[in-house]
Amino acid sequence: MMAKRDFYEILGVSRDASDEDLKKAYRKLAMQWHPDRNHGNKDAEPKFKELNEAYDVLKDPERRAAYDQYGHAAFDQSGGRGGGGGGNPFGGAFEDIFEEMFGRFGGRGQRQSTGRGADLRQEVQITLEEAFAGAKTTIRVPSSVQCETCTGTGAEGGKAQAQNCATCQGAGKVRQQQGFFLVERTCPTCGGQGRIIKNPCKICAGSGRVQRERNLSVTIPAGVDDGMRIRLTGEGEAGLRGAPAGDLYVDIGVKPHALFQRQENNIFVRVPLRMSQAALGGAVEVPVIDGGRAKVTIPAGTQTGDQFRLRGKGFSVLRSGVRGDMFVQVAVETPQNLTAKQRELLEQFEAEAEAGGRGSPEAEGFFSKVKEFWDGLGR
């Protein structure tokens with residue numbers, strides 16, 4: 001039988017190497033000789049086992065002291081973990097480094113911090129006016145709520161008699177060896193709680209919660225925009241056996257408006273003008289998002305697409321008393337279904353335009369007549 005190599009030699013460190021030096025050396029060599037990284041290399045697995053055996057001994061101060069004094073004989077006589085007996089062929093060394101590199105998954109022997117209620121999402125549709133002024137609305141939310149019978153403890157009569165789960169020993173997780181890797185999963189017996197209720201509540205079957213539909217009042221602040229989200233802390237699913245509840249996220253949807261279009265904090269409205277209004281100018285009233293009306297002065301010769309700005313008449317700014325601006329966009333309408341006299345007037349207008357346009361007293365009188373008849377068309 002081939003004699004075992006010196007553990008310090010295997011790790012490539014001196015006998016006075018610090019714990020940190022041992023760990024660094026082992027980590028480097030373990031990654032180098034891991035069988036999954038050395039497919040087809042028959043030497044990889046024996047070297048990997050040798051590394052684990054060496055580090056498993058030297059990482060423990062008491063076992064290291066025994067090895068320094070008696071060598072391999074210290075463990076051959078006692079049948080210790082480093083002697084290559086049954087169980088995990090890679091020992092506890094690789095497991096400890098694995099935990100350090102990839103996390104302890106909640107820690108060995110520690111109860112898993114699970115059971116918090118799930119977060120919920122609910123969508124609410126509001127009008128543009130409600131988004132401008134703010135609103136209060138009631139939503140119906142089907143969710144898990146705390147069991148009233150056991151007050152969320154999961155135990156009959158509300159008096160919990162819990163004991164550590166025998167499967168996971170209170171850790172809430174179980175480990176399984178799969179090939180060269182340790183896989184950690186939520187304990188199937190206790191659901192990750194680490195404890196088992198001895199006298200479960202008959203109403204909630206020990207979960208501490210029941211399904212119910214709730215009515216919640218939601219305050220929507222002025223200035224919200226489509227796609228924004230409101231968080232209601234603690235209004236989500238109830239936690240398992242008294243654990244904290246999740247949160248409720250309310251997604252805001254703003255319905256399209258027949259007149260107004262919103263761009264950030266500004267409002268755009270399209271206003272039709274008769275040809276006579278656009279040509280001669282004047283004043284028109286336009287609706288405002290707050291329900292009022294505003295007067296806009298239209299200069300003579302206004303064209304389709306011209307835009308007029310009304311400061312402070314736009315949308316509410318979220319969490320502020322400020323408002324954006326309102327932009328009035330003009331669309332000059334071409335009349336249809338003319339009467340004989342209206343057609344005659346337009347033909348006279350066209351003749352005047354070809355002759356040189358306005359300027360003479362006769363032309364001014366003509367435009368006054370045009371305005372009079374156009375006003376008769378209505379909007």
Side-chain angles (χ1 to χ4, degrees), residues 1-114 164-165 167-188 192 194:
M1 181 178 179
M2 183 178 295
K4 286 187 177 181
R5 294 173 60 200
D6 180 76
F7 285 162
Y8 291 100
E9 179 186 340
I10 291 171
L11 293 174
V13 296
S14 62
R15 287 188 167 270
D16 59 353
S18 65
D19 291 343
E20 187 63 27
D21 290 337
L22 287 170
K23 185 183 297 183
K24 287 180 180 179
Y26 172 74
R27 181 186 299 174
K28 179 180 178 181
L29 292 170
M31 288 300 176
Q32 178 183 346
W33 291 106
H34 195 288
D36 282 356
R37 292 189 171 192
N38 293 272
H39 295 291
N41 186 349
K42 295 181 180 180
D43 295 333
E45 186 170 336
K47 285 183 176 291
F48 191 64
K49 289 182 179 180
E50 190 178 49
L51 283 169
N52 277 281
E53 183 181 7
Y55 184 67
D56 198 33
V57 170
L58 298 183
K59 70 173 184 175
D60 187 312
E62 293 181 3
R63 290 162 62 81
R64 181 178 180 179
Y67 178 77
D68 288 344
Q69 186 171 0
Y70 301 108
H72 293 297
F75 307 106
D76 290 340
Q77 294 171 359
S78 63
R81 286 187 301 169
N88 183 357
F90 303 125
F94 183 68
E95 186 175 319
D96 291 339
I97 293 294
F98 181 85
E99 285 180 342
E100 181 182 330
M101 294 174 66
F102 300 104
R104 287 188 175 270
F105 302 100
R108 218 185 287 181
Q110 299 176 356
R111 181 177 175 180
Q112 182 195 6
S113 179
T114 61
N164 276 351
C165 173
T167 304
C168 65
Q169 303 300 318
K173 286 184 175 292
V174 291
R175 291 180 173 183
Q176 293 178 336
Q177 184 82 35
Q178 292 188 355
F180 299 111
F181 293 97
L182 287 171
V183 179
E184 194 166 66
R185 296 188 176 93
T186 299
C187 177

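Source: prediction; values computed, not measured. For the numbers below, each heavy atom of this structure counts, side chains included, while hydrogens, waters and symmetry mates do not.
- Checked against Ile10 for a side-chain contact (heavy atoms from CB on, under 4.5 Å), the options Lys47, Lys4, Arg5 give a single hit: Arg5.
- Across every non-hydrogen atom of Cys168 and Lys173, the tightest pair is CB-O, 3.4 Å.
- When the side chain to side chain donor-acceptor pair (under 3.5 Å) test is applied to Asp43, no partner is found at least two apart in sequence or on another chain.
- Here the CD-CZ distance, from Glu53 to Phe48, works out to 13.5 Å after rounding to the nearest 0.5 Å.
- For Glu45 and Lys49, the salt-bridge test passes: some basic side-chain N is under 4.0 Å from an acidic carboxylate O.
- Listed by chain and residue number, Gln32, Trp33, Leu51 satisfy the side-chain contact (heavy atoms from CB on, under 4.5 Å) test with Leu29 (two or more places apart in sequence, or in another chain).
- The structure places CG of Leu11 at 13.5 Å from CZ of Arg27, a figure rounded to the nearest 0.5 Å.
- Closest of all the heavy-atom pairs between Leu22 and Arg64 is CD1-NH1, 3.4 Å.
- For Arg15, the salt bridge (charged side-chain N to carboxylate O under 4.0 Å, His left out) partners at least two apart in sequence or on another chain are Asp6, Asp68.
- With sequence neighbours excluded, the residues forming a side-chain contact (heavy atoms from CB on, under 4.5 Å) with Asn38 are Asn41, Ala44, listed by chain and number.
- Taking the six-membered ring for Trp and thresholds of 30 and 60 degrees, Tyr8 and Tyr67 have ring planes inclined between 30 and 60 degrees apart.
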